[in-house]
Amino acid sequence: MQTLLNINNLCKTYRRSNGIFSSTLQYAYRDVNFSLDKGKTVSIIGESGSGKSTLVQTIAGLRTQSSGDIYLQGQSLRNISVQDRCKSIRMLFHAPSESLNPKATIGRILTAPLKLNSNMTAIQQQQQIKNTLSLVGLLPDYLSFYPNMLSSVQQHQVALARAMILDPDIIIADEILAGLDISLRFKLINLLLKIQEQKGVSFIVVAHNMSLVRHISDHIIVMNDGEIVENDITENVYNSPKSSKTKHLLQSHKPDYRK
Ligand SMILES: Nc1ncnc2c1ncn2[C@@H]1O[C@H](COP(=O)(O)OP(=O)(O)OP(=O)(O)O)[C@@H](O)[C@H]1O
């Protein structure tokens, strides 16, 4: 199995003010260690404020860590250019209606990363866009549409196409399943699985809810107060959880299907 990503003792601190002259150091996350293999999915679960988003935003390069290192295929991300990092690690945000530029057509939204991060000719760009739209199950007819002309599922498909357009190694999906009805969740989960099978991409999925990610995760990490309290293969986490926080999360989200 090829290890793609290695997170090594990663910590992020904030200085929180306690008045005019005093402040304390607080952790968003600390001593985070895990790895991700090619073509696999790790899900990061935890309650609000446990540090999940800050951690994955650091992996995506949207924030910097206070200490520790992130290695992509054995190379520290500190030594990888922003362009290469953007190509390799892409992020999917919670609400595509907010993350897709409402004033840009789908064609423009998908061309932008290619112009910024690739040396493709205009013809190669068009071909890449066509292939990626087909990968996420959208017809080329949508290229002239604006995001608000699309259904919620289609907006998610466009966001996925934008994430996949540079053929990344890793997609980070931050709470993309939250707030969706059950049929939309399954559509999106099936689409993620299909893309993973076809492209061998790895996923880091962030969620509050344990039952939501069970069928897509190879590995589960549970965070509490910025620390990893459980880190194991999915089967072990669901069948014999070690941490009391994991047990609590499993009980509070069971059964999820009726929600
Ligand atoms: N810019 C910041 N300044 C100070 N504290 C911050 C900052 N960003 C995050 N934090 C703190 O870091 C901790 C972790 O926040 P984070 O948003 O990563 O948690 P989360 O698990 O993703 O929560 P949610 O599921 O609600 O998004 C929280 O206590 C938060 O208040």
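Counting starts at 1 for both ligands and their atoms, in listed order. Only heavy atoms go into these numbers, but all of them, side chains included; no hydrogens, no water, no symmetry mates.
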**OP:** Identify the protein heavy atom lying closest to atom 25 (O) of ligand 1, giving its residue, its atom name and the separation to 0.1 Å.
**Re:** K52 NZ, 2.9 Å
**OP:** Tell me, please: is R63 in heavy-atom contact with ligand 1, that is, under 4.0 Å?
**Re:** yes
**OP:** Compare every heavy atom of M210 with every heavy atom of I45, then report the nearest pair and how far apart it is.
**Re:** CG2-CG, 3.5 Å
Subject >> Closest to atom 23 (O) of ligand 1 among G49, A207, A28 (heavy-atom distance) >> reply: G49
Original post:
Can you check whether S48 has an N/O within less than 3.5 Å of an N/O in ligand 1?
Top reply: yes
Original post:
Should V136 and Y146 be counted in the same cluster of Ile, Leu, Val, Met, Phe, Trp and Tyr side chains packed under 4.5 Å apart?
Top reply: yes
**OP:** Among L192, I172, V42, find the one that has a side-chain contact (heavy atoms from CB on, under 4.5 Å) with F203.
**Re:** L192
**OP:** Identify, for atom 18 (O) of ligand 1, the protein heavy atom at the shortest distance, and state residue, atom and that distance.
**Re:** T54 OG1, 2.4 Å
Original post:
Can you list the ligand 1 atoms lying under 4.0 Å from a non-hydrogen atom of H208?
Top reply: 25 (O)
**OP:** Name all residues meeting the ring pair (Phe, Tyr, Trp, His ring centres under 6.0 Å) criterion together with Y71; count only those two or more places apart in sequence or in a different chain, and write none if there are none.
**Re:** none
**OP:** For Q198 and L135, work out which heavy atoms get closest and say how close.
**Re:** OE1-CD1, 3.0 Å
Original post:
What protein heavy atom is closest to atom 27 (O) of ligand 1, reported as residue, atom name and distance in Å?
Top reply: S53 OG, 3.5 Å
Original post:
Measuring to protein heavy atoms, does anything land under 4.0 Å from atom 14 (C) of ligand 1?
Top reply: yes
**OP:** Give the numbers and elements of all ligand 1 atoms closer than 4.0 Å to a heavy atom of S50.
**Re:** 19 (O), 20 (P), 21 (O)
Subject >> Residue part near ligand 1, for E47, under 4.0 Å between non-hydrogen atoms >> reply: backbone
Original post:
Got the closest protein heavy atom to atom 11 (C) of ligand 1, with its distance?
Top reply: Y14 CE1, 4.1 Å
Subject >> Basic-acidic side-chain contact under 4.0 Å: D169, K38 >> reply: no
**OP:** Assess whether side-chain hydrogen bond (donor to acceptor under 3.5 Å, both in side chains) is satisfied between N209 and S211, documenting all intermediate values.
**Re:** CA-CA 6 Å; N209 188 322; S211 55; 2.9 Å; yes
**OP:** Determine, using heavy atoms of R16 and all atoms of ligand 1, whether some pair is separated by less than 4.0 Å.
**Re:** yes
Original post:
With a 4.5 Å heavy-atom cut-off, do Q196 and I171 have their side chains touching?
Top reply: no
Original post:
Who pairs with Y238 by ring pair (Phe, Tyr, Trp, His ring centres under 6.0 Å), at least two apart in sequence or on another chain?
Top reply: none
Subject >> N/O separation below 3.5 Å, G51 to ligand 1 >> reply: yes
